[in-house]
Amino acid sequence: MRVQETTVLADYHQFLVYSGNGAGQEGHVPEGCGDGLVVVNKATLKILTGTSYGEVGVRLELHNTEPALPAPGWTEVSDTSFHLRNGPLEIGTLMGGPEPGGLDLAFAGLGWYRIRVAASGRDDGPRGGEVPPGGPHERYVIAVWVGPRAPAVTHRGSDLAGRAFRGEPLAPKLDEAVEGPAHAAFRDLLHLLRTGAGAASAATGRIDRTTAVAVRPERLSEWLANADFWAGWLGSGGGSTNLRGGWSSHLDSTDNLKIVGEMVRGPAAVHTSWNYELLTTPSAADPFPRRELLLPATSHLDIDWVAGGTGTLVSVRHRDVPQVLTACLGDLWRYYLARLAGLGEAGAFSRLPW
C-alpha cells in the first residue's frame, strides 16, 4: 500500500478528484448531491464537505486489493467505479485545478478503478477560517484499487452534512402554531413589499424575541457570525456575501427579491442593516433591469447570545421596521428562532426553510 497525507482546500463545500478524461460510467453515483458524499461527473469525482471554505485533511491510499472498511468513526463511506481514459488521476480544488505534487491515484494506468471515500468530522469542524492546532477537524480517506466496474455502494451515511446534501429533514418539524402563522406571514410580507406598502409607511416599530438554543455559545457563533448561514436560515437558500461585510438572502426562487444588509460581528453579537431589494421588470421606458431598495429607510437588526442553562440564550431586536411590516416580521422572527433552536437540537447546519 502506498500512502500520502495532505490537506486540500474545500471550496463551495467540495473538493475534487480530477482525471485527464475519465467517466464514472455504469453504477455511477447520480449528479447533483449524489449520495451526500460522492458525486461522479464526466471527468471528476466530487467530494462534498461540511466546510464551506477552508482546509480539510486527506489521506490517499493505493491498494493492490479491496481494503477493509474503515473504523466506525468514519461516518460516511461510499464506493464507486471510475473509468480512467486519460491520466493522471489527482485531487484538487474547484477553482485551482489539480494540486501540484499530489499523488497520482491511477497507479496501474488506464482502465477501471474502484474508489472508496470515507469522511469524518463533517459536522464538527469550523465553517472555514483558520485550521486548529493538530490539523483540520474534517478528514477524508480516498482509497483506490483496480477493479471491474460495479454498482456504487453507500456503506455508511449517518452524518448531518450528508443528510443535508441528500435533502433529508435535519430538525424536528416545528409546531403548527409556529409554522402555520409564519408561512402566512411570509406570503403577506411578499405581497406588502411587492405592492409598495413598506415604502409608504412612515411610522416604525420594533420586534424583540428571545429563545434558548441547545448549542454551546462558541458553536452557535460559527453559525450566526457566518453570513453564508443566513441565506438558508432566513431565505430560500441562496445568497451572497462580500469581503466588506455585505450579505444578501433570496426570498424567492427567481432571485427577484432579496434581503440585503451590511454585517458587523462582535465576540457574541451580530449587528446588521436590513432592507429589501427588488429586481425591476424591463419595460419600453426602462429597458434594463436594476435593483431597487423597497424600504424608505434601512431597518437594523441586533442579535446577541450568552451562555444559559445547557445551551445558549439568543436575543433578537429588529429596530426601525415600517409599522405595516411588524406583524409579519414578528411571526417570522418567532419562526426563525424556533427553527434555529430545532437546528441546534439536531446539531445541524441550516437548509432551506420554505
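- Side-chain contact between V58 and T7 is absent, with no heavy atoms from C-beta onward closer than 4.5 Å.
- By the criterion of side-chain heavy atoms lying less than 4.5 angstrom apart, applied directly or through intervening Ile, Leu, Val, Met, Phe, Trp or Tyr residues, V77 is not grouped with L105; the two fall into different hydrophobic clusters.
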Q: Under the side chain to side chain contact (heavy atoms under 4.5 Å, CB included) rule, what do V270 and W230 come out as? Steps first, then yes or no, please.
A: CA-CA 12 Å; V270 170; W230 291 42; 3.8 Å; yes
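- With E76 as the fixed residue, the salt bridge (charged side-chain N to carboxylate O under 4.0 Å, His left out) test singles out one of R156, R122, R163: R122.
- V141 and V146 end up in different hydrophobic clusters when Ile, Leu, Val, Met, Phe, Trp and Tyr side chains are linked at under 4.5 Å.
- Without hydrogens or angle criteria, Y276 side chain to L293 main chain gives no donor-acceptor distance under 3.5 Å.
- Proximity of T6 to V8: side-chain heavy atoms (C-beta onward) are nowhere separated by under 4.5 Å.
- Between the T272 side chain and the G261 main chain, no donor and acceptor come within less than 3.5 Å of each other.
- A distance of 4.0 Å separates NE2 in H183 from CD in E179, rounded to the nearest 0.5 Å.
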Q) Stepwise, does the side chain to side chain contact (heavy atoms under 4.5 Å, CB included) test hold for V153 with S78? A) CA-CA 6 Å; V153 177; S78 297; over 6 Å; no
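- Taking the charged nitrogens against the carboxylate oxygens, D35 and R166 have no contact shorter than 4.0 Å, which rules out a salt bridge.
- Heavy atoms from other residues, nucleotides or ligands lying under 6.0 Å from CZ of R2 number 12 at most.
- Between W305 and S221, the side chains place a donor N or O and an acceptor N or O closer than 3.5 Å (distance only, hydrogens not considered).
- Taking CD from E61 and CD1 from I115, the interatomic distance works out to 13.0 Å, rounded to the nearest 0.5 Å.
- Side chain of H13 to main chain of L48: no donor-acceptor pair is present (N/O by atom type, distance under 3.5 Å, no hydrogens or angles).
- Atoms CG and CG, on L340 and L337 in that order, are 6.5 Å from each other to the nearest 0.5 Å.
- In plain terms, the two heavy atoms of L84 and G109 that are nearest each other are CD2-O, 3.9 Å.
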Considering only distance and modelled atom types, tabulate donor-acceptor pairs under 3.5 Å from the side chains of residues 89-101, sequence neighbours left out.
{"from": "T93", "atom 1": "OG1", "to": "G96", "atom 2": "N", "distance (Å)": "2.8"}

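- Judged purely by distance below 3.5 Å, without hydrogens or angles, the side chains of S81 and R114 pair a donor atom with an acceptor atom.
- Closest approach of A212 and A341 over heavy atoms only: O-CB, 3.7 Å.
- Here the straight-line distance linking atom CG of N275 with atom OG of S248 works out to 12.5 Å at 0.5 Å rounding.
- Panel note: side chain Y113, backbone A108; a donor-acceptor pair is recorded below 3.5 Å.
- Atom CG of L279 sits about 8.5 Å away from atom NZ of K258, to the nearest 0.5 Å.
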Q: Would you please test F82 and R149 for side chain to side chain contact (heavy atoms under 4.5 Å, CB included) and show each step?
A: CA-CA 7 Å; F82 198 88; R149 61 183 181 184; over 6 Å; no
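- The side-chain heavy atoms of T80 and V117, taken from C-beta on, include no pair separated by under 4.5 Å.
- Looking at L45 and Y18, their side chains never come closer than 4.5 Å, going by heavy atoms from C-beta outward.
- At least one side-chain heavy atom of R209 sits under 4.5 Å from a side-chain heavy atom of R334.
- Hydrophobic clustering of Ile, Leu, Val, Met, Phe, Trp and Tyr side chains at less than 4.5 Å, counting indirect connections, unites I259 with L294.
- The closest side-chain heavy-atom distance from S283 to D286 is below 4.5 Å.
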Q) Stepwise, does the side chain to side chain contact (heavy atoms under 4.5 Å, CB included) test hold for L325 with D188? A) CA-CA 9 Å; L325 303 183; D188 290 345; over 6 Å; no
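- The NE2 atom of H83 sits 8.0 Å away from the CG atom of L110 when rounded to the nearest 0.5 Å.
- A salt bridge links R139 to E5: at least one charged side-chain nitrogen sits closer than 4.0 Å to a carboxylate oxygen.
- Put simply, the side chain of T75 never gets that close to the backbone of S158: no donor and acceptor are under 3.5 Å apart.
- Annotation: side chain of D208 is not in contact with side chain of V316 (no heavy-atom distance under 4.5 Å).
- Defined by atom type and a distance below 3.5 Å, a donor-acceptor pair is present between the side-chain atoms of T51 and E138.
- Q4 places a side-chain N or O within 3.5 Å of a backbone atom of L103 that can act as its donor or acceptor partner.
- Taking 4.0 Å as the cut-off between side-chain N and carboxylate O, R116 and E66 count as a salt-bridged pair.
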Q: Determine, stepwise, if the pair R290 / E277 fulfils salt bridge (charged side-chain N to carboxylate O under 4.0 Å, His left out).
A: CA-CA 10 Å; R290 52 194 165 74; E277 188 179 75; over 6 Å; no
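- Follow the hydrophobic side-chain contacts under 4.5 Å out from W247 and you reach L329 in the same cluster.
- D159 contributes a side-chain N or O that, together with a main-chain N or O of G162, makes up a donor-acceptor pair within less than 3.5 Å.
- Between the side chains of T204 and D320, no donor-acceptor pair is found at a separation under 3.5 Å.
- Nearest heavy-atom pair across S299 and H318 is OG-NE2, 3.0 Å.
- Checked by atom type, the side-chain pair T65/W145 shows no donor-acceptor distance below 3.5 Å.
- A 6.0 Å sphere centred on CG of D104 holds more than 12 heavy atoms belonging to other residues, nucleotides or ligands.
- Taking the six-membered ring wherever Trp is involved, the centroid distance between the rings of W274 and W333 falls below 6.0 Å.
- Counting all heavy atoms, side chain and backbone alike, A119 lies closest to L37 at CB-CD1, 3.8 Å.
- Of all heavy-atom pairs between T326 and G205, the closest is CG2-CA, 4.0 Å.
- Contact of the L251 side chain with the L190 side chain is registered, since non-hydrogen atoms from C-beta on lie closer than 4.5 Å.
- The minimum heavy-atom distance linking A284 with P287 is given by the pair O-CD, 4.1 Å.
- L313 and W223 are members of different hydrophobic clusters when ILVMFWY side chains are connected at heavy-atom separations under 4.5 Å.
- Within 6.0 Å of the NE2 atom in H191, the count of heavy atoms belonging to other residues, nucleotides or ligands does not exceed 12.
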Q: Test F15 against Y140 for ring-ring contact (aromatic ring centres under 6.0 Å, His included), laying out the working first.
A: CA-CA 11 Å; F15 68 96; Y140 296 84; 5.3 Å; yes
